[in-house]
*Asks:* 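I'd like to ask some things about the structure below.
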Amino acid sequence: MSFDYDLFVIGGGSGGVRAARMAAHECGAKVALAEQERYGGTCVIRGCVPKKLMVFASEFSRIPDESKAYGWQFDSHTMDWSTFSHNLHSEIDRLEGVYRNLLAHAGVDCFDMRAQIKDSHTVELAFGEQFTAKYILVATGGHPVRPAMPNAQFGMVSDDIFHLSELPNSILIVGGGYVACEFACLLNGLGVKVTQFYRGEQILRGFDNEARDLISSQMLADGIDVQVNANIDMMELVTTFKKPSNDRSQEGGTVSQELAGPEKIGSTGPFKVRGTNGYEGVFDKVFFAVGRSPNSSDLGLEDVGVALGDRGEIIVDSYSQTSVPSIFAVGDVTNRVNLTPVAIREATAFVETIFKAGKVPVDHELIPSAVFTQPELGSVGLSEERAAEQESIAVYSTSFKPMRSSFAGLSNKVLMKLVVSRSSHKVLGCTIVAPGAAEMIQFAGIAIKMGATKSDFDRTVAVHPTMSEEIVTMRHATRVS
Ligand code: NDP
């Protein structure tokens, strides 16, 4: 049977673009790709890249104070949001252009529109034209969700935050995961008064407890009002009004009203909020960072027999193959490990399996990752708590004031931590909380992925004077369990 294409990719984010380019360029496959919004997906357009630029922008705010002990005097502390915002969007435009060019140079046919699956080998574009393909790859990503509560639709989500025309004076961030903590720190650095509600005992659930505690205490010390065991109990719009000039009953003021009607979406605030812990406050904006859902609806997946999980994720095997043999899926739509480099790895393994020799399963073991809080959290492998559930461990942990901030009279601390198996002596996990931890953990990740033991770390000579030298100089276990 002949097909219009060898591969039809739905979704032009990190995973989809990598698979399309690689199949076309390296394997000579005839490839098409449909993207309904912008090329680059969540990472480039409304995620990692603009977020990291906002992190950089926010970090400059610390320099005037920190640099005083080093003899510098900065006269001005002002941040021009409109300049930054303009430059941010220019950079996103540039990167989107790079993605488009990469696809064009690889010879991929791009369709700037939505696509749906009609049968196991047929894709229909929004304007009705149908194409057949030997393989279909779904790489449609995910989207931020709002909690199920009255008026939640009027709060912001991460997609909206990059389009603020001006920074709010105050914001309530709901959630305690990656997005909530990263934006709490960066918006605080940009001068926004940040309050964070997290429904559990401590933010960043799933990470090492010592790291969570250190980051939380640093966020509090930096002025972020982190409220734990707190969620929104009530949220309503505060309308500022002026009385007509002939009405002398009062000078004007504010009224609270329950939000109603879609006309308010996106243009709302300030909000009066009551927390489940009794906390009450008024915030210019409310930002929900309560997780993401796979973009799997209205693609025709169920109709052609592609199995979905409880959260709408496409169920795939270790080769990213769905329950329909000709249809594959990679990235956040499969809700495995929702990170850009993982989507790229999944796409690469898919192309190697289908268009190159041999079956290449995706390796989801020992993935290093970072949370861009301030300070950053880098981790690879197991936390102390997870490791202790599995076997007997020795913990090597040190927390100290780094030289740079100590000299400047600042109180912030860093954490360097290794979790080691007492039977195999392998390093099971490494957690670093420090400025630059994201850069450091990449290299620790190589050693741990190679199966390094504690003695391999010990025989590595320290780089001095650095924070990370502690990772190879911790001789005595802090505790064993
Ligand atoms: P996460 O799943 O990491 O965090 C969601 C947070 O919201 C959790 O704290 C969760 O609480 C809380 N929550 C969930 N539902 C509710 C609710 N109904 N009411 C109140 N709180 C709620 O999601 P994110 O959106 O932060 O990030 C999504 C994914 O994107 C991450 O898991 C990560 O894979 C990826 N990402 C990676 C980044 C990076 O690599 N630096 C940066 C940003 C995102 P609880 O803990 O109790 O479940």
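In listed order, ligands and their atoms are each counted from 1. Position 1 is the first residue of the sequence, and the numbers go up from there. All of these numbers come straight from a predicted model, not from anything done at the bench.
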*Asks:* In the protein, which heavy atom is nearest to atom 48 (O) of ligand 1, and how far is it?
*Replies:*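 Nearest protein contact, heavy atoms only, for atom 48 (O) of ligand 1 is R205 NH2, 2.8 Å.
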
*Asks:* Is there a polar contact, in the sense of an N or O pair closer than 3.5 Å, between G176 and ligand 1?
*Replies:*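 Yes.
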
*Asks:* Report the part of L339 in contact with ligand 1, treating N, CA, C, O as backbone and CB onward as side chain, heavy atoms under 4.0 Å; options are side chain, backbone, both, neither.
*Replies:*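 Side chain only.
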
*Asks:* Less than 3.5 Å apart, any donor N or O on the side chain of E210 or S397 sitting next to an acceptor on the other?
*Replies:*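 Result is yes, a qualifying pair exists.
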
*Asks:* Between Q202 and D213, does any side-chain donor sit less than 3.5 Å from a side-chain acceptor?
*Replies:*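 Indeed, the side chains of Q202 and D213 share at least one donor-acceptor pair under 3.5 Å.
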
*Asks:* Decide if the gap between the ring center of F350 and the ring center of Y319 is smaller than 6.0 angstrom.
*Replies:*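 No, ring centres 6.0 Å or more apart.
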
*Asks:* Is the backbone N or O of G11 less than 3.5 Å from a side-chain atom of T140, with the two atoms forming a donor-acceptor pair by type?
*Replies:*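 Absent.
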
*Asks:* Identify which of G206, A230, A370 has a heavy atom lying nearest to atom 41 (N) of ligand 1.
*Replies:*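 Considering heavy atoms of G206, A230, A370, the nearest to atom 41 (N) of ligand 1 sits in A370.
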
*Asks:* Could you identify the single nearest non-hydrogen protein atom to atom 14 (C) of ligand 1 and state the distance to 0.1 Å?
*Replies:*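 Protein heavy atom with the smallest distance to atom 14 (C) of ligand 1: V290 O, 3.2 Å.
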
*Asks:* When you measure from the side chain of Q116 to the backbone of D298, do you find a donor-acceptor pair of N or O atoms at a distance under 3.5 Å?
*Replies:*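 Such a contact is found between Q116 side chain and D298 backbone.
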
*Asks:* Counting both backbone and side chain atoms, is some N or O of P147 under 3.5 Å from an N or O of ligand 1?
*Replies:*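 So ligand 1 has no N or O lying under 3.5 Å from an N or O of P147.
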
*Asks:* Answer with yes or no whether the side chains of T453 and D456 bring together a donor and an acceptor at under 3.5 Å.
*Replies:*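 Short answer, yes.
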
*Asks:* Under 6.0 Å between ring centres, would you say that holds for F197 and F288?
*Replies:*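 No, the ring centres sit 6.0 Å or more apart.
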
*Asks:* Under 3.5 Å, is there a donor on one side chain and an acceptor on the other for S296 and R311?
*Replies:*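 Per modelled atom types, S296 and R311 side chains form no pair under 3.5 Å.
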
*Asks:* Please state which protein non-hydrogen atom is closest to atom 42 (C) of ligand 1 and give its distance, to 0.1 Å?
*Replies:*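 Ranking protein heavy atoms by distance from atom 42 (C) of ligand 1, first comes E182 OE1, 3.3 Å.
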
*Asks:* Provide, to 0.1 Å, the distance between atom 29 (C) of ligand 1 and the closest protein heavy atom, together with that atom's residue and name.
*Replies:*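 Nearest protein contact, heavy atoms only, for atom 29 (C) of ligand 1 is R292 CD, 4.2 Å.
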
*Asks:* What is the nearest protein non-hydrogen atom to atom 31 (C) of ligand 1, stated with its residue, atom name and distance?
*Replies:*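 Ranking protein heavy atoms by distance from atom 31 (C) of ligand 1, first comes Y178 CD1, 3.6 Å.
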
*Asks:* Would you check the N or O atoms of G177, main chain and side chain alike, for any that come under 3.5 Å of an N or O of ligand 1?
*Replies:*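 Yes - when backbone and side-chain N and O of G177 are compared with those of ligand 1, one distance drops under 3.5 Å.
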
*Asks:* Please list, in number order, the atoms of ligand 1 under 4.0 Å from a heavy atom of K51.
*Replies:*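 Going through ligand 1 atom by atom, the ones under 4.0 Å from K51 are 41 (N), 42 (C).
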
*Asks:* Taking atom types as modelled, find out whether D112 and Y39 have a side-chain donor-acceptor pair closer than 3.5 angstrom.
*Replies:*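 There is such a pair between these side chains.
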
*Asks:* Can you find a side-chain donor-acceptor pair between Q374 and S58 that sits under 3.5 Å?
*Replies:*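 Distance-only check passes for Q374 and S58.
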
*Asks:* Between S85 (side chain only) and W81 (backbone N and O only), is there a donor and an acceptor less than 3.5 Å apart?
*Replies:*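 Answer holds: no.
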
*Asks:* How far is atom 16 (C) of ligand 1 from its nearest protein heavy atom, and which residue and atom name does that atom have?
*Replies:*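 The answer is R199 NH1, 3.4 Å.
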
*Asks:* Heavy-atom contact check, 4.0 Å cutoff: does S369 meet ligand 1?
*Replies:*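 Not so, S369 does not reach ligand 1.
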
*Asks:* Distance to 0.1 Å, residue and atom name: give those for the protein heavy atom nearest to atom 26 (O) of ligand 1.
*Replies:*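 Ranked first by proximity to atom 26 (O) of ligand 1 is V179 N, 2.8 Å.
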
*Asks:* Report yes or no: does a heavy atom of G200 sit under 4.0 Å from some atom of ligand 1?
*Replies:*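 Distance cut 4.0 Å: G200 fails for ligand 1.
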
*Asks:* For M149 and ligand 1, answer yes if some heavy atom of the residue is under 4.0 Å from a ligand atom, otherwise no.
*Replies:*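 M149 does not count as a contact of ligand 1 under the 4.0 Å cut-off.
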
*Asks:* At under 4.0 Å between heavy atoms, is it the side chain or the backbone of F197 that contacts ligand 1, or both, or neither?
*Replies:*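 Neither part.
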
*Asks:* Heavy-atom contacts with N231 under 4.0 Å: which atoms of ligand 1 show up? List them by number with element.
*Replies:*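 Numbered from 1, ligand 1 contributes 19 (N), 20 (C).
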
*Asks:* Identify the protein heavy atom lying closest to atom 35 (C) of ligand 1, giving its residue, its atom name and the separation to 0.1 Å.
*Replies:*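 For this ligand atom, the closest protein heavy atom is N338 O, 3.3 Å.
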
*Asks:* Within 45° of the axis and under 6.0 Å from the centre of the six-membered ring of Y396, does NZ or CZ of K454 qualify?
*Replies:*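 Yes; both conditions hold, so K454 lies above the ring face of Y396.
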
*Asks:* Give, for atom CZ of F84 and atom CZ of F56, the distance between the pair rounded to the nearest 0.5 Å.
*Replies:*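 Reported to 0.5 Å precision, the distance equals 10.0 Å.
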
*Asks:* If we set the cut-off at 4.0 Å for heavy atoms, which region of S158 has an atom near ligand 1: side chain, backbone, both, or neither?
*Replies:*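 No part of S158 comes within reach of ligand 1.
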
*Asks:* List every atom of ligand 1 that sits less than 4.0 Å from any heavy atom of A289, numbering the atoms from 1 in the order shown and giving each element.
*Replies:*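 Counting from 1, the qualifying ligand atoms are 5 (C), 6 (C), 7 (O).
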
*Asks:* Checking contacts here: is it the side chain or the backbone of A148 that comes within 4.0 Å of ligand 1, counting heavy atoms only? Could be both or neither.
*Replies:*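 The answer is neither.
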
